[in-house]
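Just so it is clear: chains get the letters A, B, ... in the order the sequence lines come, proteins before strands, and each one is counted from 1.
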Amino acid sequence: MMKASSGSAAEATSTGKAIKEKKQPAATTEKPDANNADSMFGVGDGALTMAAELIAYDVDKHAQEITLTPEGRLPYSALTATLETIGNESKRLLIVRYLTNFFRVVLHKCPHALLDVLYLCVNKVAPDYAGLELGIGDATLITALASTTGKKESSIKSQYDEVGDLGLVALKAKSSQKSLGSFFGGAASAKKPPLTCHDIFSAFVSIAKEEGGNSKSRRIDSIRKMLVRAQNDEAGWIVRGLQGKLRIGLAENSVLAALGQACCMHEIDMRCETSKITGEKPEKLDTAKVLMPHLVAANEAIRTVYSECPNYGKIVDTMLAPVLAYRAWRDAGASEPPTWQEVPGGMADVRRLCSFEPGVPVHPMLSKPTKGVQEILTRFNAETEFQCEYKYDGERTQIHVFLQKRGSHKRKSDASAAAPAVAAAAPASKKSAAAGFFAPRASPSKAAAAAAAAATTATAETGAAASETETEACASAAAEPDTSATYERVVKIYSRNSEDMTTRYPDVTVLVDQFLPPAPSAPLQGTPDSYADASEVDDAVCESIVIDAESVAFDRETKTILPFQNLMNRKKKDVKLEDVKVNVCVFAFDILYYNGVPLLKKPLRERREILAKVCKEIPNMFQLSSVMVSREFDDINNFLNESVGASTEGLIIKTLDDTYEPSRRSLNWLKLKKDYIEDGGGEGGLGDSVDLVPIAAWHGKGKRTGVYGAYLLACYNPETESYESCCKIGTGFSEEVLESHTKALQETEIQWSGTGAPRSYLLVGDMLKPDIWLEPTQVWEVKAADLSLSPTHKAAIGVADEHRGVALRFPRFLRIREDKKPDEATTNAQISEMYWGQESVQKKDVVVDDEDDMML
DNA sequence: TTTGGCTGCCC
DNA sequence: ATTCTGC
DNA sequence: GCAGAATGGGCAGCCAAA
């Protein structure tokens with residue numbers, strides 16, 4: 001697995017293979033599993049095999065093949081070897097199994113490296129809500145590679161175009177330099193100690209934290225240092241890691257599956273090991289059939305935990321607490337009786353200790369597209385009740401409100417790392433603490449305290465960088481009422497991708513006090529674990545709440561919804577209430593938490609009822625989303641039309657009995673937009689379909705290497721007989737179509753090495769720098785959701801707007817219009833009309849209207 | 001001081 | 001965002 | 001039907017070059 005290839009060419013090919021290749025149509029022995037989603041969770045056919053293979057895997061043997069550094073660090077090469085193996089595999093079950101077994105080895109050999117490894121696998125540097133990002137893109141990497149190898153940036157770029165993978169470019173550059181015995185990876189580096197996972201992750205974190213003057217060059221220096229120390233194929237993985245995409249068919253969901261299974265297996269292994277000491281007889285889990293339910297449960301647990309507590313540091317600390325306690329006990333010579341089993345944590349406790357709390361964003365429910373009203377009706381049988389709801393075109397906003405001790409703001413790194421230990425020492429039932437009676441605290445034994453310390457140390461060593469910027473959930477303050485303290489209600493706002501947007505919405509933050517019941521002066525006593533129904537919900541006082549909503553740019557004068565673009569014009573950093581120029585109306589559509597009670601497992605029907613009960617609508621500022629319940633085709637169709645008339649995108653369809661548990665199915669809602677509808681008939685407003693001409697192209701990357709990955713499209717201006725750029729397009733192509741387009745259009749390439757467009761009849765903004773230019777020959781039918789005034793594109797410039805052209809939003813390829821010549825493409829005038837014809841765009845100035853008429 | 005490239009993050 | 005693809 | 005990986009327009013913020 002870790003065979004070091006000596007030849008540089010072999011190294012290059014090695015990573016090259018990690019790009020998924022098209023599967024040969026050759027006979028496969030394994031039949032495709034129709035129900036593969038389930039087998040991912042360990043329920044299908046392949047799952048038994050998976051379990052059996054996990055049992056058969058000799059963790060200890062593989063652990064011995066890895067040599068830790070003298071400091072006890074895990075070599076980076078151990079990870080890259082696994083990534084390499086995964087990259088050569090396309091079966092998801094196998095990918096997950098490889099990673100699972102690697103995690104098991106890490107847990108066995110070097111548990112404190114798990115967090116580093118996890119972060120490197122998911123290509124993150126901190127939890128999403130911590131607001132720490134690498135700040136490295138392709139351009140920076142190209143500069144870094146050029147400076148490391150002494151090559152020109154243009155040469156790196158053209159190699160990138162050719163091989164479609166910057167990681168591969170790094171490897172090639174390295175090997176060519178190696179033969180010259182210079183810069184990177186020369187003889188000198190052979191003496192250096194190997195890179196460790198900790199080295200790489202720490203470097204990533206420090207790159208992310210770099211800011212201010214010369215920060216770019218400092219980042220590049222860091223990258224160069226890593227690349228110089230890299231051996232074999234490591235440079236490729238470093239580069240891919242910095243790109244933020246490993247591109248080996250392994251992303252967050254698979255990593256979570258592997259984490260769950262690995263922890264499950266490790267606990268089983270550990271129980272076997274310790275049973276010899278304690279004399280206990282562990283449950284036999286040595287057959288696939290017996291093991292499988294445990295794997296399924298572990299999978300489910302980790303998925304749920306991560307969706308409610310998206311913080312790997314906290315999860316790992318919690319999972320490892322008993323393990324580390326055991327090791328501490330074992331390493332201490334086992335003179336005292338074992339108490340590590342009392343340490344809370346591991347699979348048994350992780351759900352409880354890492355559960356949903358205000359202050360940490362939950363993964364939001366998402367929706368998937370449907371083709372029309374009929375599809376919705378056929379999808380739901382007659383018993384399934386559902387609601388239709390406007391789909392507002394704004395920004396997803398998850399609003400958290402919770403009580404916090406005054407002045408306790410954010411906890412610092414030490415508290416963050418220690419959080420699991422603190423949580424562990426707290427009573428299991430929140431209720432007993434909140435009730436204010438004598439809280440039976442499990443007074444932590446010596447070993448438990450030691451374990452807590454060990455867990456903290458592990459994080460401090462390996463994960464401090466990540467933890468430091470993490471904001472802890474502060475709602476736990478409510479569990480320990482402090483009579484001397486005063487409390488304030490804190491508001492946090494998170495985006496669809498769990499980014500902290502609080503500072504962007506001072507207006508929404510202030511709004512909270514207007515639509516919510518007043519805050520209690522101290523934490524509520526005796527809050528229930530759950531509500532039997534909405535009537536039990538206290539709407540007199542609101543201590544805490546989490547609301548799911550869409551914030552939409554709103555004109556309070558005309559009381560109309562403004563286009564998405566207006567919302568994006570708002571300032572984003574350090575926004576003061578007075579700075580707000582573009583007003584917002586918050587359309588709330590769900591409630592996930594109220595006064596200490598999680599509502600995720602309540603059906604939508606009840607959540608909606610509670611939401612309506614506790615939130616007071618403030619017209620044009622805070623409203624509940626428009627909802628309609630009916631299963632009549634005409635009703636739904638009318639509601640869809642009405643929604644479009646109200647400047648929204650369409651409808652979201654939600655079943656009334658479903659819960660809010662994104663770990664189970666994050667795409668449980670359906671969306672219905674006009675432009676999804678496959679009409680067949682005329683274009684008549686059912687989404688915008690236009691016929692445009694490809695006039696330039698870009699080389700594809702990754703799985704599109706070797707074909708053009710994106711094209712520049714233009715509309716036709718009959719007056720000037722020129723083509724005006726309207727959008728780029730990069731989706732809607734099957735692989736076959738990508739091939740044929742490349743083949744056909746390569747013939748029409750215009751040789752050109754100058755700047756700007758090669759022909760006067762190609763009107764394209766300076767910002768766009770296509771790889772190649774094309775003579776206008778084809779017409780493509782393209783679908784879009786919307787049109788917008790563009791800073792980059794030129795379509796209908798001087799017609800739709802004096803200075804700006806029109807561009808398409810969400811463009812996708814439909815088909816070639818064989819029947820049309822380029823000069824029969826959609827015209828600039830038509831594009832202008834379509835732009836101004838949109839509901840959300842009001843033409844206020846009648847004079848402009850007249851001018852348009854005169855021009856025609 | 002202004003401009004423009006790059007990046008991340010909304011959709 | 002949308003779309004395609006392998007499993 | 002999931003998960004992953006291709007790709008879109010366009011905004012503010014940041015930093016470096018002009």
Report task. Using whole Å, report how far NZ of A:Lys671 lies from C1' of C:dT3. Result -> 12 Å
Requested in this report: Heavy atoms under 4.0 Å is the rule here; annotate nucleotides 1-11 of chain B 5' to 3' with B where the base is hit, S where only the sugar-phosphate is, and - elsewhere.
Outcome: -----SSBSBB
Requested in this report: Write down the distance between CG (A:Leu787) and P (C:dA1), rounded to a whole number of angstrom.
Outcome: 19 Å
Query raised in the report: Between A:Lys728 and D:dG8, is there a side-chain N or O to OP1/OP2 distance below 4.0 Å?
Result: yes
Query raised in the report: Picking from D:dG8, D:dG13, D:dG4, which would you name as closest to the side chain of A:Lys571?
Result: D:dG13
Requested in this report: Report yes if at least one side-chain N or O of A:Ser217 is closer than 4.0 Å to OP1 or OP2 of D:dA16; otherwise report no.
Outcome: no
Query - Inter-nucleotide P distance (B:dT3, C:dG6), Å rounded - result: 50 Å
Query raised in the report: D:dA6, C:dT2, D:dC11: which one has an atom nearest the side-chain heavy atoms of A:Pro791?
Result: D:dC11
**Report entry** Separation of atom CD1 in A:Ile831 from atom P in D:dG9, rounded to whole Å
**Finding:** 14 Å
Query raised in the report: A:Ser215: what forms a side-chain contact (heavy atoms from CB on, under 4.5 Å) with it, not counting sequence neighbours?
Result: A:Glu210, A:Arg218
Query - Any side-chain heavy-atom pair of A:Ser689 and A:Glu781 under 4.5 Å - result: yes
Report task. Give a yes/no on whether any side-chain N or O of A:Arg92 is located under 4.0 angstrom from OP1 or OP2 of C:dC7. Result -> no
Query raised in the report: So, A:Glu375 and A:Arg379, do they make that salt bridge, N to O below 4.0 Å?
Result: yes
Report summary line: Atom CG of A:Asn569 and atom P of D:dA12 are separated, to the nearest Å, by 5 Å
Query raised in the report: On DNA chain D, nearest-nucleotide positions of A:Ser788 versus A:Gly709: which is more 5'?
Result: A:Gly709
Query raised in the report: Over how many whole Å does the gap from A:Arg665 atom CZ to D:dC2 atom P extend?
Result: 6 Å
Query raised in the report: A:Ile376: what forms a side-chain contact (heavy atoms from CB on, under 4.5 Å) with it, not counting sequence neighbours?
Result: A:Thr370, A:Phe380, A:Phe386, A:Ile653, A:Leu670, A:Leu672
Query raised in the report: Within the structure shown, what part of the strands sits under 4.0 Å from A:Leu814 by heavy-atom distance: base, sugar-phosphate, or nothing?
Result: nothing
Query raised in the report: Atom CG of A:Leu667 to atom P of D:dG4: distance rounded to whole Å?
Result: 12 Å
Query raised in the report: What does A:Leu808 touch in the nucleic acid at a heavy-atom separation under 4.0 angstrom: a base, only the sugar-phosphate, or nothing?
Result: sugar-phosphate
Query raised in the report: If you check every side-chain atom of A:Ala710, which of D:dG4, D:dG10, D:dT7 has the closest atom?
Result: D:dT7
Report summary line: The side-chain contact (heavy atoms from CB on, under 4.5 Å) partners of A:Glu211 (sequence neighbours excluded) come to none
Requested in this report: Would you tell me if any nitrogen or oxygen in the side chain of A:Thr792 comes within less than 4.0 Å of OP1 or OP2 on D:dG10?
Outcome: yes
**Report entry** Rounded P spacing from B:dT7 to C:dT2 in Å
**Finding:** 26 Å
Query - Other residues, nucleotides, ligands: >12 heavy atoms within 6.0 Å of A:Lys368 NZ - result: yes
Query raised in the report: When you measure from the side chain of A:Tyr676, which nucleotide among C:dT5, D:dG4, C:dA1 comes out closest?
Result: C:dA1
Report task. Kindly indicate whether the side chain of A:Thr731 and the base of D:dT7 share any N or O donor-acceptor pair separated by less than 3.5 Å? Result -> no
Query raised in the report: Charged N to carboxylate O below 4.0 Å: is that the case for A:Asp165 and A:Arg247?
Result: yes
Query - A:Asn253 CG to C:dC7 P, straight-line distance once rounded to whole Å - result: 18 Å
Requested in this report: Can you tell me which residue pairs pass the salt bridge (charged side-chain N to carboxylate O under 4.0 Å, His left out) test with a partner in residues 250-261 of chain A, sequence neighbours excluded?
Outcome: A:Lys124-A:Glu252
Query - Contact nearer the 5' end of DNA chain D, comparing A:Arg379 with A:Leu789 - result: A:Arg379
Requested in this report: Look at A:Gln565 and D:dC11 and indicate whether a side-chain polar atom (N or O) is within less than 4.0 Å of OP1 or OP2.
Outcome: yes
Query raised in the report: Contact class for A:Phe733 (heavy atom, under 4.0 Å): base, sugar-phosphate, or nothing?
Result: sugar-phosphate
Requested in this report: Between B:dG4 and C:dT5, how far apart are the C1' atoms? Round to whole Å, please.
Outcome: 39 Å
**Report entry** Gap between atoms CZ and P, on A:Arg303 and D:dC2 respectively (whole Å)
**Finding:** 10 Å
Requested in this report: State whether A:Ser734 places a side-chain N or O below 4.0 Å from either non-bridging phosphate oxygen (OP1 or OP2) of C:dT3.
Outcome: no
Report summary line: Looking only at D:dG10, D:dG1, C:dT2, the nucleotide nearest the A:Ala807 side chain is D:dG10
Report task. Compare the minimum distances between each of D:dA5, C:dT2, D:dC15 and the side chain of A:Glu211, then state the nucleotide with the smallest one. Result -> D:dC15
Query raised in the report: What residues form a side-chain contact (heavy atoms from CB on, under 4.5 Å) with A:Ala298, not counting sequence neighbours?
Result: A:Cys264, A:Met347
